[in-house]
Engineer: 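Pasting a structure here, questions to come.
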Amino acid sequence: VSGAADIPTIGVFDSGFGGLTVLRALVSRMPQAHFAFLGDTARLPYGSKSRRTIARYAADSAQFLVREQGAEFLVIACNTASALALDAIQDAVPVPVLGVIEPGAAAAKAASRGGDVLVIATDATVQSHAYASACRAQALRALEKACPLLVPLVEEGWTDHPVTAEVIRIYLDELTQDAASKGLHPDTLVLGCTHYPLLRSAIERAVPTGVRVIDSADAAADAAVRLFGDGADRIAVDPAPESSLRCSSLRCFATDSVEKFERLGSRFLGCPVGKVELVDLGG
Ligand code: DGL
């Protein structure tokens, strides 16, 4: 394609295919960019692992996108890697790197009237308190809760299943009671994990009235357009993103289960992911 070499490649990384929800928001804003998405499905979940292991896995993945795919910018579309390994990723690659935690906190700031917000995420993200500090920087009070059963339920495709609805209800009841016991009056719930947007309607049914549910995908994509703004003069940024997805160039890579990625990935992306290529990043 003439001029294709001038068009930058944006690398998007997640531990699995949940980050395709962020890719979708990016593609809708920058439909002419080239995208390379890597899901480290062989080593998922990151959310139950230590900072050291997450940092090593995430740095390998980032290097694959930059060295092998020529990515000029990276979006870490994984809350756990953004919370625990953003510095390690920035040290591992010579390109700008954007995580999803700060955009998520900024979206919470825009949504919350009273300033008290709830965050649900993986164990590792919650233990890092990355959302609590990003929210504090936005003058918000955040109460975080780990919901470790939700990722496997989404991975199983049980997004609209009574068991999942019940698990969500139990988690949110516990969180709401905890907030009340701490004297908080939350009006916003942040989906602090890339898998949770797939459960959005079940979560919206379970939150107390008046609580808005937000995820970081749109906020992260807006932040990407701002951060990559100078590079973006080589990409036509769509000022009015469309709901239907057009992507001129997308390559998807996974470290395991290519068939499952192709099958479930389209749910996250909102259109077929195409042929997914298998890569080996080692152990
Ligand atoms: N991608 C991870 C996140 O957003 C969820 C899946 C995992 O635990 O690896 O936190």
Side-chain angles (χ1 to χ4, degrees), residues 11-26 37-62 65 74-86 88-89 97-105 107 119-132 134 142 144-159 164 167-168 171 189-200 203 213-221 252-257 260-261 264-265 267-269 281:
V12 184
F13 159 65
D14 184 28
S15 55
F17 34 79
L20 290 168
T21 54
V22 178
L23 178 66
R24 179 191 179 127
L26 287 164
F37 181 95
L38 172 66
D40 192 8
T41 44
R43 305 192 285 196
L44 177 123
Y46 281 20
S48 56
K49 296 192 171 72
S50 67
R51 180 184 296 271
R52 190 187 158 95
T53 300
I54 294 164
R56 179 161 64 85
Y57 290 175
D60 290 349
S61 304
L65 287 169
L74 283 189
V75 177
I76 308 307
C78 172
N79 287 263
T80 305
S82 298
L84 290 107
L86 204 57
I89 297 168
V97 180
L98 177 77
V100 286
I101 306 285
E102 281 182 15
V119 181
I120 54 174
T122 64
D123 252 325
T125 300
V126 167
Q127 279 174 39
S128 76
H129 296 301
Y131 266 106
E144 303 156 292
K145 181 170 178 63
C147 300
L149 293 175
L150 297 186
V151 166
L153 288 165
V154 172
E155 290 281 314
E156 198 53 42
W158 284 24
T159 49
T164 309
V167 171
I168 290 170
Y171 279 144
L189 173 73
V190 180
L191 305 182
C193 171
T194 44
H195 281 60
Y196 299 174
L198 268 280
L199 302 172
R200 191 181 185 113
I203 292 170
V213 177
I214 58 163
D215 72 66
S216 55
D218 285 320
C252 285
F253 302 89
T255 52
D256 192 13
S257 59
K260 190 173 177 192
F261 190 121
L264 288 183
R267 282 202 204 176
F268 288 78
L269 187 60
L281 299 181

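Whatever order the structure lists them in is the order used to number ligands and atoms, beginning at 1.
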Engineer: Counting only N and O atoms by type, is there a donor-acceptor contact under 3.5 Å from the side chain of Ser82 to the main-chain atoms of Ile76?
Structural biologist: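 Yes, Ser82 side chain to Ile76 backbone: donor-acceptor pair under 3.5 Å.
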Engineer: Can you name the nearest heavy-atom pair linking Tyr171 to Leu149, along with the distance?
Structural biologist: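 The answer is OH-N, 3.1 Å.
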Engineer: Would you check whether Gly47 has a nitrogen or oxygen atom less than 3.5 angstrom from a nitrogen or oxygen atom of ligand 1?
Structural biologist: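 The answer is yes, given that Gly47 and ligand 1 share an N or O pair closer than 3.5 Å.
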Engineer: Assess the residue pair Phe37 and Phe253 against the criterion (ring-ring contact (aromatic ring centres under 6.0 Å, His included)); give the C-alpha distance rounded to whole Å, side-chain angles, the decisive distance to 0.1 Å, and a yes or no.
Structural biologist: CA-CA 6 Å; Phe37 181 95; Phe253 302 89; 9.5 Å; no
Engineer: Would you name the heavy atoms of Ala254 and Thr41 that are closest together and state the gap between them?
Structural biologist: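 Here Ala254 and Thr41 meet closest at CB-OG1, 3.7 Å.
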Engineer: Of all the atoms in ligand 1, which lie at a distance below 4.0 Å from a heavy atom belonging to Ser15?
Structural biologist: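 In order of number, 1 (N), 2 (C), 6 (C), 7 (C), 9 (O).
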Engineer: Taking Thr164 for its side chain and Thr159 for its backbone only, find out whether a donor-acceptor pair lies under 3.5 Å.
Structural biologist: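 No, because the side chain of Thr164 does not come within donor-acceptor range (under 3.5 Å) of the backbone of Thr159.
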Engineer: For ligand 1 and Ser48, I'd like to know whether there is a polar contact (N/O to N/O, distance under 3.5 Å).
Structural biologist: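 No: no nitrogen or oxygen of Ser48 is under 3.5 Å from one in ligand 1.
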Engineer: To the nearest 0.1 Å, how far is atom 10 (O) of ligand 1 from its closest protein heavy atom, and which atom is that?
Structural biologist: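 Atom 10 (O) of ligand 1 sits closest to the protein heavy atom Thr80 OG1, 2.6 Å.
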Engineer: What closest approach, in Å, do Glu102 and Ala134 show between heavy atoms, and which atom pair accounts for it?
Structural biologist: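 Looking at all heavy atoms of both residues, the shortest contact is CG-CB, 4.5 Å.
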Engineer: Please report whether ligand 1 has a polar contact with Tyr46, defined as an N or O pair separated by less than 3.5 Å (distance criterion only).
Structural biologist: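 So ligand 1 has an N or O lying under 3.5 Å from an N or O of Tyr46.
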Engineer: Identify, by atom number and element, the atoms of ligand 1 in contact range of Asp14, meaning under 4.0 Å from any of its heavy atoms.
Structural biologist: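 Those of ligand 1 that fall under 4.0 Å from Asp14 are 1 (N).
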Engineer: Look only at interatomic distance and state if Thr125 has a nitrogen or oxygen under 3.5 Å from any nitrogen or oxygen of ligand 1.
Structural biologist: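 Checking ligand 1 against Thr125, no N or O pair falls under 3.5 Å apart.
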Engineer: Please state which part of Asn79 comes within less than 4.0 Å of ligand 1, counting heavy atoms only: side chain, backbone, both or neither.
Structural biologist: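 The part of Asn79 near ligand 1 is both the backbone and the side chain.
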Engineer: Between Arg43 and Asp60, does at least one N-O distance fall below 4.0 Å, as a salt bridge requires?
Structural biologist: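 Judged by the 4.0 Å cut-off on N to carboxylate O distance, Arg43 and Asp60 do form a salt bridge.
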Engineer: Near Cys193, which atoms of ligand 1 are under 4.0 Å from a heavy atom of that residue?
Structural biologist: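 Listed by number with element, the hits are 3 (C), 4 (O), 5 (C), 10 (O).
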